[in-house]
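See below for the structure under consideration.
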Amino acid sequence: SQQGEEDPQALSIQEGENATMNCSYKTSINNLQWYRQNSGRGLVHLILIRSNEREKHSGRLRVTLDTSKKSSSLLITASRAADTASYFCATDYRGSGSRLTFGEGTQLTVNP
Amino acid sequence: GAVVSQHPSRVICKSGTSVKIECRSLDFQATTMFWYRQFPKQSLMLMATSNEGSKATYEQGVEKDKFLINHASLTLSTLTVTSAHPEDSSFYICSAWGGLGYTFGSGTRLTVV
């Protein structure tokens, strides 16, 4: 399989806490993206980080990328119940517009 | 922002029949469209990649005669599941690339009875 791995597979936290999800991939990448999926719905793009970037912020989201370890992390600060969803990392190896390879995903549950 | 419309959102069909799923980019031209399959509590698995006007490229293990993909225009791609069987029941999601990023449809829940 070309899919990467994500951990944890499931994460349950209280509202207000921070949530950290990790993603590892297998080969050199062009960029890495994080997506969110509510149950039974399509994917919503959260943030993209390029291979020459190490950290990126967007609102309550912080993404890091370590190309030497082939890993990335997504931090959601001050979580809310509405953040409950599955989160996937996705990488493209051959440049923009090429196929995306998705990680296994982390199911995040934020308890009110 | 870019919007991709996917229809139907849910479909139930009898075993042996065919089902067509549409994926339409509403406000941009999609040079490439991707079709994914997702089983419950699992990740997205790429089935095929299609470019407008050319034959789709299928991933290993995906039967091209069973999953027919047509990308006849820059705004429309269709996936037809032929002679559907219960094991084809799944969540199918399309994604369109239009130069600025990937936009996903809302998915189609296919149930074959």
Side-chain angles (χ1 to χ4, degrees), chain A residues 1-12 21-26 29-50 56 58 72 74 84-109, chain B residues 1-10 21 23-25 28-52 56-62 74 89-111:
Chain A
S1 168
Q2 292 184 337
Q3 289 196 322
E5 298 178 356
E6 288 184 59
D7 73 273
Q9 289 189 333
L11 179 62
S12 181
M21 291 160 268
N22 303 296
C23 163
S24 63
Y25 55 91
K26 297 180 180 178
I29 61 172
N30 183 54
N31 61 53
L32 184 144
Q33 305 178 54
W34 285 89
Y35 289 86
R36 166 198 170 117
Q37 183 183 35
N38 286 78
S39 181
R41 305 297 298 273
L43 273 68
V44 175
H45 180 259
L46 296 177
I47 196 165
L48 178 150
I49 186 165
R50 302 192 188 283
K56 205 161 183 180
S58 177
S72 174
L74 171 66
T84 295
S86 292
Y87 292 82
F88 295 93
C89 67
T91 52
D92 74 69
Y93 300 93
R94 301 179 193 147
S96 298
S98 63
R99 53 177 291 179
L100 292 178
T101 300
F102 284 85
E104 297 296 325
T106 295
Q107 171 61 51
L108 173 66
T109 302
Chain B
V3 177
V4 169
S5 174
Q6 185 173 342
H7 290 282
S9 57
R10 287 178 181 272
I21 302 170
C23 181
R24 197 179 294 269
S25 57
F28 67 101
Q29 292 185 328
T31 53
T32 307
M33 286 197 177
F34 305 88
W35 288 93
Y36 295 86
R37 183 173 182 175
Q38 185 180 32
F39 290 107
K41 298 190 185 302
Q42 293 190 22
S43 187
L44 281 74
M45 294 293 295
L46 180 66
M47 299 175 66
T49 302
S50 74
N51 294 294
E52 183 262 341
T57 302
Y58 289 81
E59 295 299 301
Q60 192 173 5
V62 177
L74 284 171
S89 298
S90 189
F91 192 60
Y92 293 87
I93 307 176
C94 69
S95 173
W97 166 262
L100 296 178
Y102 302 86
T103 304
F104 286 79
S106 55
T108 297
R109 172 76 56 198
L110 170 63
T111 304

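Computed over heavy atoms, backbone and side chain alike; hydrogens, waters and symmetry mates excluded.
At a 4.5 Å heavy-atom cutoff, Q60(B) makes no contact with chain A through either its backbone or its side chain. Looking at Q37(A), the atoms closer than 4.5 Å to chain B (heavy atoms on both sides) all sit in the side chain, from C-beta outward. For Q33(A), the part lying near chain B is the side chain, with the backbone staying farther off; criterion is any non-hydrogen pair under 4.5 Å.
Applying a 4.5 Å heavy-atom cutoff, the residues of residues 42-49 of chain A that approach chain B are G42(A), L43(A).
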Original post:
Would F102(A) and Y36(B) satisfy ring-ring contact (aromatic ring centres under 6.0 Å, His included), going step by step from the backbone distance to the final call?
Top reply: CA-CA 10 Å; F102(A) 284 85; Y36(B) 295 86; 5.4 Å; yes

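Take R24(B) and apply the salt bridge (Lys or Arg N to Asp or Glu O under 4.0 Å) test, not counting sequence neighbours, and it matches E22(B). Residues forming a side chain to side chain donor-acceptor pair (under 3.5 Å) with Y87(A) (at least two apart in sequence, or on another chain): R36(A). The side chain to side chain donor-acceptor pair (under 3.5 Å) test applied to T103(B) returns no partner, not counting sequence neighbours.
Distance OG1/T57(B) to CE/M47(B): 13.5 Å, rounded to 0.5 Å. Note that the CG atom of L46(B) and the CZ atom of R99(A) stand 5.0 Å from one another [nearest 0.5 Å].
Of the possible polar contacts, none joining the T109(A) side chain to the T84(A) backbone as a donor-acceptor pair under 3.5 Å is found.
Note: G40(A) leads G105(A), S86(A), G40(A), A90(A) in heavy-atom pairs under 4.5 Å with chain B.
Screening N31(A), I29(A), L100(A) against T91(A) for a side-chain contact (heavy atoms from CB on, under 4.5 Å) leaves a single residue, I29(A).
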